[in-house]
Participant: 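Attaching a single structure in structure tokens format; questions to follow.
Values reported hereafter were calculated over all heavy atoms of this structure, with side chains retained and with hydrogens, waters and symmetry mates removed.
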Amino acid sequence: MDDEHFYEMKSGHGLSHDPFKAIVAPRPIGWISTRSPEGRTNLAPYSFFNALGESPHIVGFSSFGYKDTVTNVEKTKEFVFNLATRELAEKVNITSYAAPYGINEMQLAGLEAVPSRLVNVPRVRDSPAAFECRLLSVTHLHDIDGNPTKSYLVLGQIVAVHIKRKFITPEGLFDTAAACPIARCGYLGDYAEVNKLFYMRRPADDNAELVEAVKQLSEKDQQ
């Protein structure tokens, strides 16, 4: 099609920058705190992060390289997700610095750490919400030809949740817009902030218009 820029991955994108991360956007930031077996705290943001299941609640993040976070999680079997927000954005960015192993990024960024309840990993005090997680798996990802990549996928099950009360509405809902989470958007330095929501319900199973449209499509397929 003349209105498309098409390329195969083996041939390269042919653009000034790879558009992959800009297209898969915005991406929630997994601001992950861990602790080594020796008690050293680590905090780092991961832009390949998301919720992956709700029964039980599962979150996951991917690390490009076997970094301190993955090392700690695999050894201790636990980690904490801290919600990264616009108010904390500059400190989130500081924790992305490639500090030597053993350096406490919470201290480096001037963040206050507070204990968790069920896991032996500190969380960021000023974050509006945090998930205490126990490890489900660490997977070294391979490509379609079976070759190992540099990426490691970490999955964890949420065992406890912390929410600051000021972000809970009178209706008992978490106020996402008020918390203003940030997300990665692609190229170096590109972020988004979630401070405005719109409302749209999933169509009901008995939606008359869609029921009729499905019926017509089914009859057409049978002809």
Side-chain angles (χ1 to χ4, degrees), residues 21 27-52 57-142 148-164 179 181-184 187-191:
K21 294 180 181 178
R27 301 188 309 282
I29 295 173
W31 203 16
I32 308 297
S33 54
T34 60
R35 176 173 278 168
S36 72
E38 297 77 29
R40 298 188 183 95
T41 296
N42 180 270
L43 177 64
Y46 289 86
S47 69
F48 291 140
F49 166 88
N50 222 315
L52 299 172
H57 292 357
I58 295 172
V59 293
F61 65 93
S62 178
S63 173
F64 187 73
Y66 195 82
K67 298 179 180 177
D68 297 348
T69 299
V70 182
T71 300
N72 290 344
V73 172
E74 195 151 43
K75 289 180 177 179
T76 66
K77 313 301 183 187
E78 53 192 23
F79 63 91
V80 172
F81 158 80
N82 305 273
L83 185 64
T85 66
R86 183 64 186 90
E87 183 177 352
L88 295 169
E90 285 70 26
K91 294 184 183 295
V92 173
N93 193 38
I94 290 173
T95 63
S96 70
Y97 179 71
Y101 183 71
I103 295 297
N104 187 328
E105 287 84 1
M106 284 201 194
Q107 294 178 350
L108 184 65
L111 293 162
E112 183 179 352
V114 290
S116 296
R117 298 284 190 91
L118 302 185
V119 301
N120 188 30
V121 177
R123 54 193 176 87
V124 176
R125 181 183 183 88
D126 291 336
S127 178
F131 299 154
E132 297 184 23
C133 304
R134 292 211 170 100
L135 177 65
L136 289 174
S137 64
V138 175
T139 303
H140 187 185
L141 299 180
H142 290 65
T149 70
K150 294 182 179 181
S151 295
Y152 294 82
L153 176 64
V154 178
L155 301 182
Q157 182 173 326
I158 300 171
V159 295
V161 178
H162 301 262
I163 304 174
K164 288 194 178 299
I182 57 174
R184 285 307 309 268
Y187 304 116
L188 289 175
D190 291 344
Y191 288 80

Participant: Any chance you could measure Arg40, atom CZ, to Tyr101, atom OH, to the nearest 0.5 Å?
Facilitator: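 Arg40 atom CZ to Tyr101 atom OH measures 6.0 Å (nearest 0.5 Å).
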Participant: Is the closest side-chain heavy-atom distance between Tyr66 and Glu74 below 4.5 Å?
Facilitator: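 Yes - at least one pair of side-chain heavy atoms lies under 4.5 Å apart.
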Participant: Which heavy-atom pair separates Thr69 from Ala44 by the least distance, and what is that distance?
Facilitator: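 Minimum heavy-atom contact is OG1-CB, 3.9 Å.
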Participant: Tell me the side-chain hydrogen bond (donor to acceptor under 3.5 Å, both in side chains) pairs involving residues 129-141, sequence neighbours left out?
Facilitator: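 Every side-chain hydrogen bond (donor to acceptor under 3.5 Å, both in side chains) pair that includes a residue of residues 129-141, provided the two are not neighbours, is Glu132-His162.
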Participant: Measure the NZ-CG distance between Lys75 and Leu135 for me, rounded to the nearest 0.5 Å.
Facilitator: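 Separation between the atoms: 14.0 Å.
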Participant: Is a side-chain N or O of Ser33 found less than 3.5 angstrom from the main chain of Arg123, in a donor-acceptor match?
Facilitator: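 Such a contact is absent between Ser33 side chain and Arg123 backbone.
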Participant: How far apart are the closest heavy atoms of Leu118 and Ala160, and which atoms are they?
Facilitator: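 Heavy atoms only, the tightest pair is CD1-CB, 3.9 Å.
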Participant: Starting at CD of Glu105, measure out to CG of Asn42 and round the result to the nearest 0.5 Å.
Facilitator: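 Taking CD in Glu105 and CG in Asn42, the distance rounds to 4.0 Å.
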Participant: Check the pair Ser127, Trp31 against side chain to side chain donor-acceptor pair (under 3.5 Å), reporting the backbone distance first and the verdict last.
Facilitator: CA-CA 10 Å; Ser127 178; Trp31 203 16; over 6 Å; no
Participant: Between Lys164 and Arg125 (side chain of the first, backbone of the second, donor and acceptor by atom type, cut-off under 3.5 Å), is there such a pair?
Facilitator: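 Yes, the answer is positive, given that a donor and an acceptor are paired below the 3.5 Å cut-off.
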Participant: Starting at CD1 of Ile29, measure out to CG of Asn93 and round the result to the nearest 0.5 Å.
Facilitator: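 Here the rounded value is 9.0 Å.
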Participant: Is the closest side-chain heavy-atom distance between Pro122 and Val80 below 4.5 Å?
Facilitator: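 Counting from C-beta outward, Pro122 and Val80 never come under 4.5 Å.
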Participant: Please confirm whether the backbone N or O of Val121 pairs with a side-chain atom of Ser116, one donor and one acceptor, at under 3.5 Å?
Facilitator: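 Present.
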Participant: Working note: Val124 + Met106, criterion side-chain contact (heavy atoms from CB on, under 4.5 Å); need CA distance, chi angles, decisive distance, verdict.
Facilitator: CA-CA 8 Å; Val124 176; Met106 284 201 194; 4.0 Å; yes
Participant: Against Val138, only a single residue in Leu155, Val154, Thr71 fulfils side chain to side chain contact (heavy atoms under 4.5 Å, CB included); can you say which?
Facilitator: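 With Val138 as partner, Leu155, Val154, Thr71 yield a single side chain to side chain contact (heavy atoms under 4.5 Å, CB included), made by Val154.
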Participant: Okay, side chain of Arg184, backbone of Pro28: is any donor-acceptor separation there less than 3.5 Å?
Facilitator: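 Not at all, since once roles are kept as given, no pair shorter than 3.5 Å links the two residues.
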Participant: Any heavy-atom pair between the side chains of Asn82 and Leu88 that's under 4.5 Å?
Facilitator: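 The answer is no; the side chains never approach within 4.5 Å.
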Participant: Over 60° means perpendicular and under 30° means parallel, so tell me whether Phe61 and Phe79 are parallel, tilted or perpendicular.
Facilitator: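 Because their plane-to-plane angle is over 60°, the rings of Phe61 and Phe79 count as perpendicular.
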Participant: Can you give me the closest heavy-atom contact between Phe64 and Ser151, atom names plus distance?
Facilitator: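 Result for this residue pair: CD1-OG, 3.8 Å.
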Participant: Mark yes or no for whether Thr149, through its side chain, and Leu141, through its backbone, hold a donor-acceptor pair below 3.5 Å.
Facilitator: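 Yes: the side chain of Thr149 pairs with the backbone of Leu141.
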Participant: Working to the nearest 0.5 angstrom, can you tell me the gap between Cys133 SG and Ile32 CD1?
Facilitator: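 Atom-to-atom, Cys133:SG and Ile32:CD1 are 7.0 Å apart.
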Participant: Write down the atom of Gly65, the atom of Ser63, and the distance for their closest heavy-atom approach.
Facilitator: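 Looking at all heavy atoms of both residues, the closest pair is O-OG, 2.7 Å.
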Participant: Do Arg35 and Asn120 come within less than 4.5 Å of each other through their side chains, counting heavy atoms only?
Facilitator: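 Arg35 reaches Asn120 side chain to side chain.
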Participant: Begin from the C-alpha positions of Thr85 and Glu87 and carry the test side chain to side chain donor-acceptor pair (under 3.5 Å) through to its verdict.
Facilitator: CA-CA 5 Å; Thr85 66; Glu87 183 177 352; 5.3 Å; no
Participant: Evaluate whether atom NZ of Lys67 has more than 12 neighbouring non-hydrogen atoms of other residues, nucleotides or ligands under 6.0 angstrom away.
Facilitator: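 Correct, the count exceeds 12.
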Participant: Should the heavy atoms of other residues, nucleotides or ligands under 6.0 Å from CD of Gln157 be counted, would the total exceed 12?
Facilitator: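 Atom CD in Gln157 is crowded, with more than 12 foreign heavy atoms closer than 6.0 Å.
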Participant: So, taking the atom named CG in Leu136 and the one named CG in Leu153, what distance separates them when rounded to the nearest 0.5 Å?
Facilitator: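 Taking CG in Leu136 and CG in Leu153, the distance rounds to 10.5 Å.
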Participant: Any heavy-atom pair between the side chains of Asp68 and Thr34 that's under 4.5 Å?
Facilitator: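 No, side chains not in contact.
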